[in-house]
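Only one structure is covered here, and it is reproduced in the block below.
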Amino acid sequence: MDRRPIIAGNWKMNKTVGEALSLVRDLRSLVSMVRDRVEVVVAPPFTALHPVGKALEDSNIGLAGQNCHWEPSGAYTGEISAPMLKEAGCTYVILGHSERRQYFGETDETVNRRALSAVKYGLVPILCIGETLKERESNQTLEVVRRQVRGALAGFAAAEVARFVIAYEPVWAIGTGKTATSDQAQEVHAFIREQLVELYDRRTADHVRIQYGGSVKPDNAADLLSKPDVDGALVGGASLKAADFAAIVKAAP
Ligand code: PEP
């Protein structure tokens, strides 16, 4: 199955509008040579989405939000809705990131509700899942991932899920400098794909792109991305420097 690699940069709570515009100006020229061979996406903070979207017009870089609420509008102070992200120029939205789960009380159920709204308003979810160090050390990795995949995908049809991106991000590897080995990543990615076969069918499972995330850097990206079920990367820290992010994009097979 030919899945186009997708490399996404999660900027988290970093970059003012001015800094964001300077970063994408550099990035635009650095990644233009991969053309359509690799899909490149950036997820700036909400305040920078619209200007960055404008700056990326006619480029090969797409835009993602870092979260969205399950209602389209209403009394939810501090939240952003899926149609708002769509209007700002987003194609994707990151959902269920471990920082959202850890610091803001996200659960499999709220991730699922947010995903349902995202799809309803024309966004493609980048669904983040992954185990903590404690869970890995007590051999619960596959069970946790299984629960998170099934929880997030409740109520979706196969045709919708086929377009999703799933990001396997072991929590112990995020922002820590510790990366899963490419074999550890491949094992979990293959397991996630098997879950999709069980829930839907082989054809759907073969369409879904599964990114690895967790301290991906220019020097470990090629090894991780060489694995058959690793279809891309979700990059945090290294996406804040144009040269590093571009090097990761170019490492995609
Ligand atoms: C992330 O935030 O999704 C992430 C993987 O961060 P980092 O690359 O910094 O570990």
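Numbering of ligands and ligand atoms starts at 1, following listing order. Keep in mind it's a predicted model, so treat the numbers as computed, not measured.
- Of all atoms in ligand 1, numbered sequentially from 1 with element shown, those under 4.0 Å from a heavy atom of Ser215 are 7 (P), 8 (O), 10 (O).
- Looking at atom 8 (O) of ligand 1, its nearest protein heavy atom turns out to be Gly236 N, 2.8 Å.
- One finds no salt bridge joining Glu160 and Arg163 here, because no Lys/Arg side-chain nitrogen approaches an Asp/Glu carboxylate oxygen to under 4.0 Å.
- Nearest protein neighbour of atom 5 (C) of ligand 1, counting heavy atoms only, is Glu169 OE2, 3.1 Å.
- For ligand 1, the atoms sitting less than 4.0 Å from at least one non-hydrogen atom of Gly175 are 7 (P), 9 (O), 10 (O), numbered in the order shown with element in parentheses.
- Crowding of Lys250 atom NZ: a count of heavy atoms from other residues, nucleotides or ligands under 6.0 Å exceeding 12.
- Looking at Lys12 next to ligand 1, an N or O pair under 3.5 Å apart turns up.
- At a 3.5 angstrom cut-off on N or O pairs, Asn10 counts as close to ligand 1.
- Ring centroid separation for the pair Phe156 and Tyr200 does not come in under the 6.0 Å cut-off.
- For Arg101 and Glu106, the salt-bridge test fails: no basic side-chain N is under 4.0 Å from an acidic carboxylate O.
- Atoms of ligand 1 lying under 4.0 Å from at least one heavy atom of Gly214, given by number and element, are 5 (C), 10 (O).
- A salt bridge links Arg114 with Glu79: the distance from a Lys NZ or Arg NE/NH1/NH2 to an Asp or Glu carboxylate oxygen falls below 4.0 Å.
- Residue nearest to atom 1 (C) of ligand 1, selected from Glu99, Gln211, His97, Lys178: His97 (by heavy-atom distance).
- Residue contact check: Ala173 has heavy atoms under 4.0 Å from atoms 10 (O) of ligand 1.
- Residue-to-ligand polar distances keep Ala238 apart from ligand 1: every N/O pair is separated by 3.5 Å or more.
- At a 3.5 angstrom cut-off on N or O pairs, Gly237 counts as close to ligand 1.
- With rounding to the nearest 0.5 angstrom, the CG atom of Asn10 is 4.5 Å from the NE2 atom of His97.
- Using a 4.0 Å cut-off between a side-chain N of Lys or Arg and a carboxylate O of Asp or Glu, Lys217 and Asp244 do not qualify as a salt bridge.
- Residues Glu198 and Arg150 are paired through a salt bridge, judged by an N-O separation under 4.0 Å between the basic side chain and the carboxylate.
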